[in-house]
Every structure is written in structure tokens, then in C-alpha cells.
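Okay, structure first, notes after.
No experiment lies behind these values; they were computed from the predicted model shown. Any value given below was found using the heavy atoms of this structure, including those in side chains, with hydrogens, waters and symmetry copies removed.
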Amino acid sequence: MDTVLPISEIARRSGVASSALRFYEERGLITSERAGSGHRRYPRSTLRRIAFIVFAQKIGLSLEEIGAELAKLPEHRVPSREDWQKLSGEWTKRIDQRIAELQRLRAGLSECIGCGCLSIDRCHLANPADEAGRRGPGPRNWMG
């Protein structure tokens, strides 16, 4: 049987605040058992799920997307390394897209944002005749 840990121990070991753990539980991303006193007790395997959630958030997945990914894991056993690898392997394209977007933003940082005009008609280099302004508000050239 999987050892259960109190929320304080799960928070300490995962580096995630207790309030965030309760929020994850409300969203159905993790589950706990209740002790007779009503205190939350989490299976030790919850630490893996939390690590997955934290990593997935860092690469830009929403909590809804994370929940959908976690739903792919087996319910009848603790997920294996292969289970985790299958999930994370599907993220390569998303990570590559994010890297490309960040590189594009870095390249434009000194040009557009450094200038300060973003999309107004004063920029004759990056935004001649205020083309970006016709596409909507904000830094349209960098929003995609």
C-alpha cells in the first residue's frame, strides 16, 4: 500500500505551497484521503503528479491541459517511467514552438520595445504607415 503523507510534508517535499495543493485538488489534478480529524493525507505517488504539474506549467500548459494529460495515466497503478515518458514526449513540438517564439521576442526586444512606439505611426522602420495599427491594439508585430 502506498504510504500517505500530510499536506505539510507534501508541500515541503514538492516545494509547492499548501494553498496550491488544495487548489490542485479542487481542480481534480491530485486527490487526498481525509484522516479522522479531516486533515488531508496524500499518497506518496502524489509527489510525482505535482512534479508533472509544475513542469507542465513551466512549459506553458494550462491547468485544463494538464488535467487532460493526467487523465491519460493509468488509474489502477502508480504510473511507470514509460507512462511519464509517453506524456512528456508529446510536448516536444510545443516546447520547440515556445523556443521559437521566445527567440523572436528576444530579437525584437531592442528594436521595437526599445524604441517604445510598438505600433503607432512614428515607426517608419518596423511599422511603415502604421500597418500594425490596422490589425488591432498592442504590439501586433510581436503578438503574431
Salt bridge (Lys or Arg N to Asp or Glu O under 4.0 Å) evaluation trace for Arg12 with Glu9: CA-CA 5 Å; Arg12 185 188 69 76; Glu9 182 67 9; 2.7 Å; yes
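Enclosure of atom CZ in Arg48 is not indicated, since only 12 or fewer non-hydrogen atoms of other residues, nucleotides or ligands lie within 6.0 angstrom. Within 6.0 Å of the CZ atom in Arg81, the count of heavy atoms belonging to other residues, nucleotides or ligands does not exceed 12.
Nearest approach of Ile10 to Leu21, heavy atoms of both residues: CG2-CD1, 3.6 Å. Between Tyr42 and Thr31, the shortest heavy-atom contact is CD2-O, 3.3 Å. Contact detail for Ser18 and Ala11: the closest heavy-atom pair is OG-CB, 3.7 Å.
The shortest distance between side-chain heavy atoms of Pro6 and Arg40 does not fall below 4.5 Å. Taking 4.5 Å as the limit, some side-chain heavy atom of Leu70 sits within range of a side-chain heavy atom of Ile53.
Atom CD of Glu69 sits about 12.0 Å away from atom CG of Leu29, to the nearest 0.5 Å. For the atom pair Ser45 OG and Leu5 CG, the distance stands at 9.5 Å (nearest 0.5 Å). In this structure, Arg98 CZ and Ile59 CD1 are separated by 8.0 Å, a value rounded to the nearest 0.5 Å. The CD1 atom of Ile66 sits 5.5 Å away from atom CG of Leu61, with the distance rounded to the nearest 0.5 Å.
Look at Arg22 and Glu25 and you find no salt bridge, because none of the NZ, NE, NH1 or NH2 atoms lies under 4.0 Å from a carboxylate O.
Judged as a side-chain hydrogen bond (donor to acceptor under 3.5 Å, both in side chains), and not counting sequence neighbours, Ser19 has no contacts. Applying the salt bridge (charged side-chain N to carboxylate O under 4.0 Å, His left out) rule to Arg49 yields no partners; only residues at least two apart in sequence or on another chain are considered. Qualifying salt bridge (charged side-chain N to carboxylate O under 4.0 Å, His left out) partners for Glu82, counting only residues two or more places apart in sequence or in other chains: none. Applying the side-chain hydrogen bond (donor to acceptor under 3.5 Å, both in side chains) rule to Gln57 yields the partners Tyr24; only residues at least two apart in sequence or on another chain are considered. For the salt bridge (charged side-chain N to carboxylate O under 4.0 Å, His left out) test, no residue two or more places apart in sequence or in another chain qualifies with Lys86. Under the side-chain hydrogen bond (donor to acceptor under 3.5 Å, both in side chains) criterion, Arg27 pairs with Glu64, sequence neighbours left out.
Trp91 and Phe55 have parallel rings, their planes meeting at less than 30° on a 0 to 90° scale where 60° marks the start of perpendicular.
Side-chain atoms of Asp83 come within 3.5 Å of backbone atoms of Ser80 as a donor-acceptor pair (strictly under, hydrogens ignored).
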